[in-house]
Number of protein chains: 2
Amino acid sequence: MHEVLAAVLQVREGQLQVLLWQRAIEPDAGRWALPGGRLGDSEDVQTSVLRQLAEKVDVRDVAHVEQLEVFSAPDRMPHRRTVVTAFLGLVPCVADPVLPDDTAWHPVTDALQGSPPTAFDHGLIVRRARDRLRAKLSYTNLGFALAPPEFTVSSLRELYAAALGHRVSATNLQRVLARRGVLIPTGGTAPPGPAGGRPAALYRFAERGMRITDPFAVLRPPEPPHAPEGVVHLADPRAAP
Amino acid sequence: MHEVLAAVLQVREGQLQVLLWQRAIEPDAGRWALPGGRLGDSEDVQTSVLRQLAEKVDVRDVAHVEQLEVFSAPDRMPHRRTVVTAFLGLVPCVADPVLPDDTAWHPVTDALQGSPPTAFDHGLIVRRARDRLRAKLSYTNLGFALAPPEFTVSSLRELYAAALGHRVSATNLQRVLARRGVLIPTGGTAPPGPAGGRPAALYRFAERGMRITDPFAVLRPPEPPHAPEGVVHLADPRAAP
DNA sequence: CCCAGTTTTCGCCTTACAATCGAAAACGTG
DNA sequence: CACGTTTTCGATTGTAAGGCGAAAACTGGG
């Protein structure tokens with residue numbers, strides 16, 4: 001049998017949290033599981049996970065979904081052999097969807113340490129989801145999926161710090177993202193906090209659909225100095241988009 | 001139903017090639033397919049793909065295998081709904097396994113352009129495999145899986161050029177890999193070619209098990225200047241290995 | 001035996017990007 | 001209007017990668 005599961009992550013209260021629901025029936029009754037379920041006959045895995053996610057949250061709040069990994073140990077679930085395609089889902093920090101009674105957000109750090117206890121191999125899946133998010137935040141513009149449409153550099157810094165698990169310099173974040181062209185100033189400013197201070201400029205991420213997947217400074221193809229034109233070498237470096 | 005498939009890549013004759021076998025029966029008879037088959041009841045996907053690969057090549061030649069992606073369009077195969085977990089496999093360039101009569105290596109570039117015609121969605125899978133290899137060659141030490149145990153920088157340069165599809169500077173490759181600590185001189189030298197020339201030093205890759213997955217120059221955590229010790233901030237930056 | 005040709009290797013320079021630091025700008029409050 | 005606060009910007013440093021050319025180490029031929 002084939003099922004799909006999603007580790008849906010969101011930064012709330014300064015912590016990276018994951019959406020879990022508490023199983024009411026055996027096996028693993030009482031333990032907390034990822035949303036998901038059986039793959040339908042006429043849907044692909046991505047469609048399926050979105051459909052099943054809709055039972056737990058408003059999927060319009062889920063800004064990004066991507067395939068994570070297949071888990072297929074024959075004994076990963078008791079009773080019946082089940083292969084699962086796991087997904088990573090991201091929800092912007094401003095969203096606060098209404099949840100069913102059995103469903104709640106839990107800090108990822110806690111869940112990975114057994115509080116609350118997770119069902120089956122779902123703890124491993126959460127860990128993989130967190131690792132993937134951390135890696136991709138560094139070299140893609142995936143931040144747009146965690147941030148509101150408009151944000152200040154400071155608030156973005158807090159999001160990155162919570163997701164990455166280490167301090168992030170606002171100065172550096174600002175310029176790194178700006179140089180990559182993913183950080184666009186909107187022109188507006190946010191009102192300062194109760195202690196005053198200079199009002200922060202508002203930014204948005206460039207082009208949601210745009211993915212930064214190019215390596216930045218790692219063995220890139222040689223820049224044709226000024227296109228000497230003539231002989232073309234080997235295969236075309238950028239054949240497909 | 002669930003199946004597994006592997007895009008097994010190797011650099012031969014200066015080109016990146018993929019292992020394909022020609023289907024004898026419908027559907028898609030005559031077209032070329034990736035090795036693989038149905039997932040067994042008591043094996044995980046990785047075990048399964050290695051088992052089925054053994055029907056086409058000596059799996060001892062396959063130096064690296066990793067999960068690629070799940071393809072699950074309901075109509076990706078006629079007749080019966082089949083979900084596939086696709087894998088990327090890499091074979092060192094020195095290996096030349098004996099192949100069954102229906103099986104042969106084909107340049108990836110050709111296969112992606114329809115020569116030979118590929119079965120089902122296998123062309124797409126080959127493309128994803130090639131893209132993954134290209135990306136990972138740049139920021140991991142995955143090269144060890146394409147190269148022989150010992151090699152010269154020049155031969156490695158040719159491998160990288162074939163796999164990446166663009167020229168690679170031997171000078172730069174040498175120093176980039178050396179700085180990352182993945183290129184270890186063995187002390188030996190290779191005999192010069194027929195035209196003479198300085199004998200090339202032999203190298204090997206550091207620690208096969210070692211994966212370079214850390215980002216190199218992208219939003220890394222702040223280096224604790226000299227461990228000021230005292231307050232610990234937020235979550236632990238490196239909780240798990 | 002020396003010299004031209006070849007191939008590899010190494011050092012130096014430039015460019016690109018990230019991290020750090022500090023100053024300046026823009027706001028509140030007393 | 002001084003003061004603390006917060007954000008933003010510029011300058012500097014450090015590290016990594018690309019490019020170029022000289023030096024090293026070999027072969028083969030006069």
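Labels below follow one simple rule: chain letters A, B, ... track the order of the sequence lines, proteins then strands, and each chain is numbered from 1.
- Here the closest heavy-atom approach between residue A:I125 and residue A:L68 is recorded as O-CD2, 4.0 Å.
- Here the side chain of B:A201 is nearest to one of C:dC21, C:dA18, C:dT9, namely C:dT9.
- OP1 and OP2 of D:dT8 both lie 4.0 Å or more from every side-chain N or O belonging to A:Q174.
- Each of D:dG21, C:dG22, C:dC17 was ranked by its minimum atom distance to the side chain of A:T171; first place goes to C:dG22.
- The salt bridge (Lys or Arg N to Asp or Glu O under 4.0 Å) analysis of residues 8-17 of chain B, with sequence neighbours excluded, yields the pairs B:R12-B:D96.
- Annotation: salt bridge (Lys or Arg N to Asp or Glu O under 4.0 Å) contacts involving residues 188-198 of chain A, sequence neighbours excluded, are absent.
- Spacing between atom CG of B:L183 and atom P of C:dT9 amounts to 10 Å, rounded to whole angstrom units.
- In this view, A:R128 and A:E69 satisfy the side-chain hydrogen bond (donor to acceptor under 3.5 Å, both in side chains) rule, not counting sequence neighbours.
- The stretch residues 151-158 of chain B touches DNA chain C through B:V153, B:S154, each having a heavy atom within less than 4.0 Å of the strand.
- Proximity of a side-chain donor or acceptor of A:H106 to a complementary backbone N or O of A:A111 within less than 3.5 Å is not detected.
- Phosphate proximity of D:dT8 to A:R175: absent, as no side-chain N or O sits under 4.0 Å from OP1 or OP2.
- Taken to the nearest 0.5 Å, the CG atom of A:L88 stands 12.5 Å off from the CZ atom of A:R130.
- Separating the CG atom of B:L173 from the P atom of D:dA17 is a distance of 11 Å, rounded to the nearest angstrom.
- Between A:F151 and A:F205, the ring planes are tilted. Angles from 30° to 60° get that label.
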Could you list all N or O pairs between the protein and nucleotides 26-28 of chain D that sit under 3.5 Å apart?
from: D:dC26; atom 1: O2; to: B:G197; atom 2: N; distance (Å): 3.1

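- Residues satisfying the side-chain hydrogen bond (donor to acceptor under 3.5 Å, both in side chains) criterion with B:T103, sequence neighbours excluded, are absent altogether.
- Nucleic acid contact for B:A170: none, since no nucleic acid atom lies under 4.0 Å from a heavy atom of the residue.
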